[in-house]
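The structure under discussion appears below in the form of structure tokens.
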Amino acid sequence: MAVVVWVVEGTWPACVDAARAHAPEGADVVLLHVTGHDVADAAHGAFAGLLGRGHPERDPGTRVEHLAAASAESLLQAAAERLGRPCTRVERTGRVEREVVAATEGADLLVLARDGDRARLGPHSLGPASRFVVDHAACPLLLVWPEPAPGLTTMPPPPPHHR
């Protein structure tokens with residue numbers, strides 16, 4: 001069994017705990033972190049447009065890329081320690097939602113956490129990237145709350161014509 005665990009800042013502990021609880025012993029667990037390219041691209045573009053192209057060593061986009069890589073490595077290390085069993089750590093860069101979907105090819109399970117409005121039940125508990133992944137993943141999903149789920153009283157009421 002191949003299990004992909006999407007490691008995201010702020011919600012990764014719940015995903016790792018769910019994988020530890022639900023992935024059978026001997027499963028191939030992949031801890032996946034994806035760094036979006038948009039921030040570094042914006043820094044590269046700002047430097048080129050505003051400050052000129054004559055000094056590439058001053059390009060802040062390169063520094064942003066190095067900081068993102070170090071942060072991802074630290075996060076994946078912490079996730080691996082929390083998992084407490086053999087795993088593979090994978091860092092990808094690109095459009096986050098598309099990279100996660102691509103990583104599910106051949107997987108038997110993807111573990112991800114809700115990343116939107118976590119104060120109430122409903123569709124807004126998923127952010128845009130997670131919604132895309134839920135709609136397009138090439139394998140079954142285990143969708144977890146990063147903290148205790150809100151009560152049923154937070155569920156939106158049905159539309160008026162369905163009451």
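Counting begins at 1 with the first residue of the sequence.
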Is it true that a side-chain atom of [X] and a backbone atom of [Y] form a donor plus acceptor pair closer than 3.5 Å?
X: T154; Y: L121; result: yes
X: T104; Y: A138; result: yes
X: D108; Y: A2; result: yes
X: D115; Y: L126; result: no

Are [Y] and [X] co-members of a hydrophobic cluster defined by side-chain heavy atoms under 4.5 Å apart?
X: V96; Y: L141; result: yes
X: V34; Y: V101; result: yes
X: L112; Y: V5; result: no
X: V8; Y: V144; result: no
X: L31; Y: V90; result: no

Is the shortest heavy-atom distance from the side chain of [X] to the side chain of [Y] under 4.5 Å?
X: V4; Y: L109; result: no
X: L110; Y: C139; result: yes
X: P24; Y: M1; result: yes

Working to the nearest 0.5 angstrom, can you tell me the gap between [X] [atom1] and [Y] [atom2]?
X: T11; Y: E147; atom1: OG1; atom2: CD; answer: 9.5 Å
X: L142; Y: C15; atom1: CG; atom2: SG; answer: 8.0 Å
X: C87; Y: L76; atom1: SG; atom2: CG; answer: 8.5 Å
X: R131; Y: R114; atom1: CZ; atom2: CZ; answer: 8.0 Å

To check you understand the geometry: which heavy-atom pair defines the closest contact between [X] and [Y], and what is its length?
X: P146; Y: A14; answer: CA-CB, 3.5 Å
X: V7; Y: W12; answer: CG1-CB, 3.6 Å
X: A113; Y: S130; answer: O-OG, 3.9 Å
X: R120; Y: W145; answer: O-CH2, 3.8 Å
X: V29; Y: P86; answer: CB-O, 4.5 Å
X: A103; Y: L32; answer: CB-CD2, 3.5 Å

Given the rule in the side chain to side chain donor-acceptor pair (under 3.5 Å) test, do E9 and H33 qualify, once you have shown the distances and angles that lead to the verdict? CA-CA 9 Å; E9 293 83 354; H33 182 272; 3.1 Å; yes

If you measure only the distance, is there a donor-acceptor pair under 3.5 Å linking the side chains of H136 and E97?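 There is no such pair (donor and acceptor under 3.5 Å, judged by atom type) between the side chains of H136 and E97.
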
Report yes or no: do T35 and E91 form a side-chain donor-acceptor pair below 3.5 Å?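 Yes, because at least one side-chain N or O of T35 sits under 3.5 Å from a partner of the opposite role on E91.
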
Which residues pass the side-chain contact (heavy atoms from CB on, under 4.5 Å) test with R20, sequence neighbours left out?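 Here the qualifying residues are D17, R82, L83.
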
Test: R85 and E25 ion pair at under 4.0 Å: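 Looking at R85 and E25, the cut-off is met.
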
